[in-house]
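Residues take their numbers from the sequence shown, with the count starting at 1.
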Amino acid sequence: MTAPETQKPPTTNTNLINWVNEMTKLTKPDRIVWCDGSEEEKVRFTKQAVEQGILEPLNQEKLPGCYLHRSNPNDVARVENLTFICTPTKDEAGPTNNWMAPKDAYDKLAKLFDGSMTGRTMYVIPYVMGPIGSPMSKVGIEITDSVYVALNMRIMTRMGTKALTMLGDSNDFNRGLHSVLDCNPERRFICHFPQDNTIWSVGSGYGGNVLLGKKCLALRIGSYLGKTEGWLAEHMLILGVESPEGEMTYVAAAFPSACGKTNFAMMIPPKRFKGWKIWTVGDDIAWMKVGEDGRLYAINPEHGYFGVAPGTSNESNPNAMKTTARDTIFTNVARTADGDVWWEGKDGPMPADLTDWQGRPFNSRSSEKAAHPNSRFTAPATNNPALSKFSDDPEGVPISAIIFGGRRATTIPLVMQAFNWVHGVFLGATLGSETTAAATGKVGVVRRDPFAMLPFCGYNMGEYFAHWLQMQGKIQTLPKVFIVNWFRKKDGKFLWPGFGENMRVLKWIVDRARLRVGGHETPFGWVPKAGDLDLSGLNIPHEQVDDATNVDLAEWRTELESQGEFFASIGPTMPRSLELQRELLLARIDAIQGKDA
Ligand code: TSX
Ligand code: MN
């Protein structure tokens, strides 16, 4: 092997240099490029990506700085069956994760990485998850042979020289190694080594599998670090609610996929809420730690949005449309004849002469989609007109309320407040959502997705619940906990208008968190009583809102029994307090029905 063409490492950190040398010996690249995050570098990488056919320029007048990437059609989503938590014992990974022994995983993947970068360029990407200089932030280094990854990491993280400066001579950094290899699903593995703060990802070029700062570091490794260091790494958006008087209240919210989390994070209040403003801190991930004043503080470890394109429009999310109008990488969307982008659910009628996500002329009469249902935008957070001015604050923002949401046609009311912290943790642990995509099996079946973390918890789920319960002992001013459901139906129709009108629910949540609005005690939690929700200027019958907030004992009995099956599946690590919580709620139904003896 001839030595690769390389530059002098822009660091004196011997831990880092030694590791890069080791990975170089393994993957044998032709060239090594250390990323500095500069504008010049972005231009150079983009030019190379265009020359190699990895990126296609879009109409630079309509969409300045925007490019289209088409992935391999076999590589369009995260691969949960190929994602592994590699801990010394299987019990540490728990019943909800795939597990491989660390040595077996390293051996297996080392064979795949051996020479995988020969003929290719190795990019060394230093990045920070979280505001520069924040005690809550973490440094990662991703080694990859994909210029698409380098360009995406530049948008999604604080990337380049500033990360090396923050790292200094420390050995405390996440070691991420990625190679697209031949993009063969037979040779595709996403392996996490929590004890080594290491991630090895091979055989994919798709965002969630290869932008290692996001799901891999910020959630899977992050949740493990949070458990050992006493903080929380969560699949939550963070937003600030500003009242006309300038009062700010921050909430964090977890939703499973297909519930419109990014839309909620960027929501615009309706006309009636003149002077109210929603500020986005983050749309996907929250790292939360107890501050010196005993409150829970959150940062967004990310610096961009990797959002689902289909369904995003000026109707559903005007701020996302503005955010993605420049300097955005689109992946697997359709393209118009004049170099604009298109996807199902974008405003207006479908343009003629579309090129579909696979680069083929689109036949509008076919049953196929023009854009892939999981097509994405990668856009800088700084493009968002509603970006909170505290999104770069090293201290983070104080969280007053935590919201769990799901897509449920029945049972779960529009909004409900937990009685206390343990009950709140119970609401997170039992979170469920109905499936929407036909590809993933039956539509409308409830899937349990505790804390929306099922695919992202880097250790045993029962121990994760226990960690949440333990946090009560650390937080002096506990956030109030809520569940919401924008998707309740009657006679096949949605009961709640959703979108901007969710501001009305959010206002009740803020007022409850600040102990200044009423509520009605049901056996299962507090819901708004008639008059508590501000419905002024909303043109829907009040009975419809009553239906949306109703709790039905028979539905809840079924729900609690289904939750019991899920709890049993967690096994011996399942906390007793959560199972007792469930039994208490069931016993309450019995008591009301005169069967509690
Ligand atoms: O994102 C959504 N949100 C949150 C917005 C802040 N969606 C889209 C989900 C798909 C990802 C919603 N869909 C929401 C919602 O609150 N609610 C619904 C259901 C719904 C859909 C259409 C209507 C109403 C509700 N249309 C009319 O009432 C006219
Ligand atoms: Mn997510």
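Every residue two or more places apart in sequence or in another chain was checked for a side-chain contact (heavy atoms from CB on, under 4.5 Å) with Ala587, and none qualifies.
Under the 3.5 Å distance criterion, the side-chain polar atoms of Ser137 are left unmatched by any main-chain donor or acceptor of Gly133. Looking at Glu142, its side chain never comes within 3.5 Å of a backbone N or O of Gly176 through a donor-acceptor pair. Formation of a donor-acceptor pair under 3.5 Å by the His372 side chain with backbone atoms of Thr331 is not found in this model. Remark: side-chain polar atoms of His235 are not paired, donor with acceptor, to backbone N or O of Ile285 under 3.5 angstrom. In this structure a side-chain-to-backbone donor-acceptor pair under 3.5 Å is missing from Arg408 to Ser433. Checking side-chain atoms of Asn502 against main-chain N and O of Phe499 turns up a donor-acceptor pair under 3.5 Å. Although no hydrogens or angles enter the test, the distance criterion places a donor-acceptor pair under 3.5 Å between the side chain of Thr198 and the main chain of Asp196. Using a distance-only test at 3.5 Å, with no hydrogens or angles considered, a donor-acceptor pair links the side chain of Asn374 to the main chain of Val76. A side-chain donor-acceptor contact under 3.5 Å links Asp532 to the backbone of Gly519. Counting only distance, with no hydrogens or angles, the side chain of Trp287 and the backbone of Leu232 share no donor-acceptor pair below 3.5 Å.
Counting non-hydrogen atoms of neighbouring residues, nucleotides and ligands closer than 6.0 angstrom, the CD atom of Glu292 reaches no more than 12 such neighbours.
A donor-acceptor contact closer than 3.5 angstrom links the side chains of Asn384 and Thr280. Side-chain contact check for Gln593 and Arg557: at least one donor-acceptor pair (N or O, by modelled atom type) lies under 3.5 Å. With no hydrogens or angles considered, a side-chain donor-acceptor pair links Glu242 and Trp279 at under 3.5 Å. Ser562 and Glu559 share no side-chain donor-acceptor pair at under 3.5 Å.
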Test side-chain hydrogen bond (donor to acceptor under 3.5 Å, both in side chains) on Thr378 and Asn152; report intermediate values, then the result. CA-CA 7 Å; Thr378 318; Asn152 274 273; 2.6 Å; yes

Show your working on salt bridge (Lys or Arg N to Asp or Glu O under 4.0 Å) between Lys90 and Glu92 and close with a plain yes or no. CA-CA 5 Å; Lys90 188 172 177 359; Glu92 286 163 274; over 6 Å; no

Begin with the C-alpha distance, continue with both residues' side-chain angles, and end with the deciding distance and a verdict on side-chain contact (heavy atoms from CB on, under 4.5 Å) for Trp486 and Phe264. CA-CA 11 Å; Trp486 316 136; Phe264 190 46; 3.8 Å; yes

Apply side-chain hydrogen bond (donor to acceptor under 3.5 Å, both in side chains) to the pair Tyr224 and Asn197, showing each step before the final yes or no. CA-CA 9 Å; Tyr224 171 84; Asn197 198 4; over 6 Å; no

Determine whether Lys442 and Glu434 satisfy the following criterion, salt bridge (Lys or Arg N to Asp or Glu O under 4.0 Å), listing intermediate values before the conclusion. CA-CA 9 Å; Lys442 277 187 232 142; Glu434 281 158 21; over 6 Å; no

With side-chain contact (heavy atoms from CB on, under 4.5 Å) as the test, would you mind laying out the steps for Trp99 and Cys86 before giving the verdict? CA-CA 6 Å; Trp99 173 80; Cys86 307; 5.9 Å; no

Run the numbers on Val281 and Leu239 for side-chain contact (heavy atoms from CB on, under 4.5 Å), then give the verdict. CA-CA 5 Å; Val281 179; Leu239 62 80; over 6 Å; no

Does Asp511 form a salt bridge (Lys or Arg N to Asp or Glu O under 4.0 Å) with Arg514? I'd like the steps, not just the answer. CA-CA 5 Å; Asp511 287 340; Arg514 292 183 176 277; over 6 Å; no

Given Arg576 and Glu579, is the salt bridge (Lys or Arg N to Asp or Glu O under 4.0 Å) satisfied, shown in steps? CA-CA 5 Å; Arg576 209 169 80 91; Glu579 176 54 21; over 6 Å; no

I'd like to know whether Thr436 forms a side-chain contact (heavy atoms from CB on, under 4.5 Å) with Arg407, so could you lay out the CA-CA distance, the side-chain angles of the two residues, the decisive distance to 0.1 Å, and finally the verdict. CA-CA 9 Å; Thr436 53; Arg407 175 186 283 268; 3.4 Å; yes

Evaluate the ring-ring contact (aromatic ring centres under 6.0 Å, His included) criterion for residues Phe451 and Phe404: first the C-alpha distance (whole Å), next the side-chain angles of each, then the deciding distance (0.1 Å), finally the verdict. CA-CA 7 Å; Phe451 292 79; Phe404 298 109; 5.1 Å; yes

Should Tyr305 and Arg376 be marked as a side-chain hydrogen bond (donor to acceptor under 3.5 Å, both in side chains) after you check the CA-CA gap, both sets of side-chain angles, and the distance that decides it? CA-CA 9 Å; Tyr305 310 114; Arg376 299 274 168 160; over 6 Å; no

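A distance of 5.0 Å separates CD1 of Ile221 from CD1 of Ile199, quoted to the nearest 0.5 Å. The line from CD of Gln563 to CZ of Arg582 is 7.5 Å long, rounded to the nearest 0.5 Å. Taking OH from Tyr250 and CZ from Arg295, the interatomic distance works out to 10.5 Å, rounded to the nearest 0.5 Å. For the atom pair CH2 (Trp556) and CZ (Phe524), the distance works out to 6.5 Å, reported to the nearest 0.5 Å. With rounding to the nearest 0.5 angstrom, the CE atom of Met574 is 3.5 Å from the CZ atom of Phe567. Note that CG of Asp283 and NZ of Lys261 are 7.0 Å apart. Values are rounded to the nearest 0.5 Å.
Nearest heavy atoms, Gly222 versus Ala233: C-CB, 3.5 Å. Between Asp393 and Ile299, the shortest heavy-atom distance links the atoms O-CG2, 4.2 Å. Between Asn550 and Pro413, the closest heavy-atom pair is O-CB, 4.1 Å. Closest of all the heavy-atom pairs between Asn319 and Pro385 is OD1-CG, 3.6 Å. Across Asn485 and Ile412, no two heavy atoms sit closer than the pair ND2-O, 2.9 Å. Nearest heavy atoms, Ser204 versus Asn209: OG-ND2, 3.0 Å.
The aromatic rings of Phe419 and His423 sit parallel, their planes meeting at an angle under 30°, below the 60° perpendicular limit. A tilted orientation is assigned to the rings of Phe84 and Phe189, their planes being inclined by 30° to 60°.
With a 6.0 Å cutoff to the six-membered ring centre and a 45° limit on the axis angle, Arg220 does not count as a cation-pi contact of Phe456.
Residue pairs satisfying the salt bridge (Lys or Arg N to Asp or Glu O under 4.0 Å) criterion with at least one member in residues 458-479, sequence neighbours excluded, are absent. Among pairs with a residue in residues 300-310, those fulfilling salt bridge (Lys or Arg N to Asp or Glu O under 4.0 Å) read Lys214-Glu302, at least two apart in sequence or across chains.
Val422 places a side-chain heavy atom less than 4.5 Å from the side chain of Gln472. Within the 4.5 Å cutoff, the side chain of Pro479 has no heavy atoms near those of the Ser400 side chain. At least one side-chain heavy atom of Trp421 sits less than 4.5 Å from a side-chain heavy atom of Ile475. Contact of the Asp284 side chain with the Lys215 side chain is registered, since non-hydrogen atoms from C-beta on lie closer than 4.5 Å.
Ring-centre distance between Phe426 and Phe465: not below the 6.0 Å cut-off.
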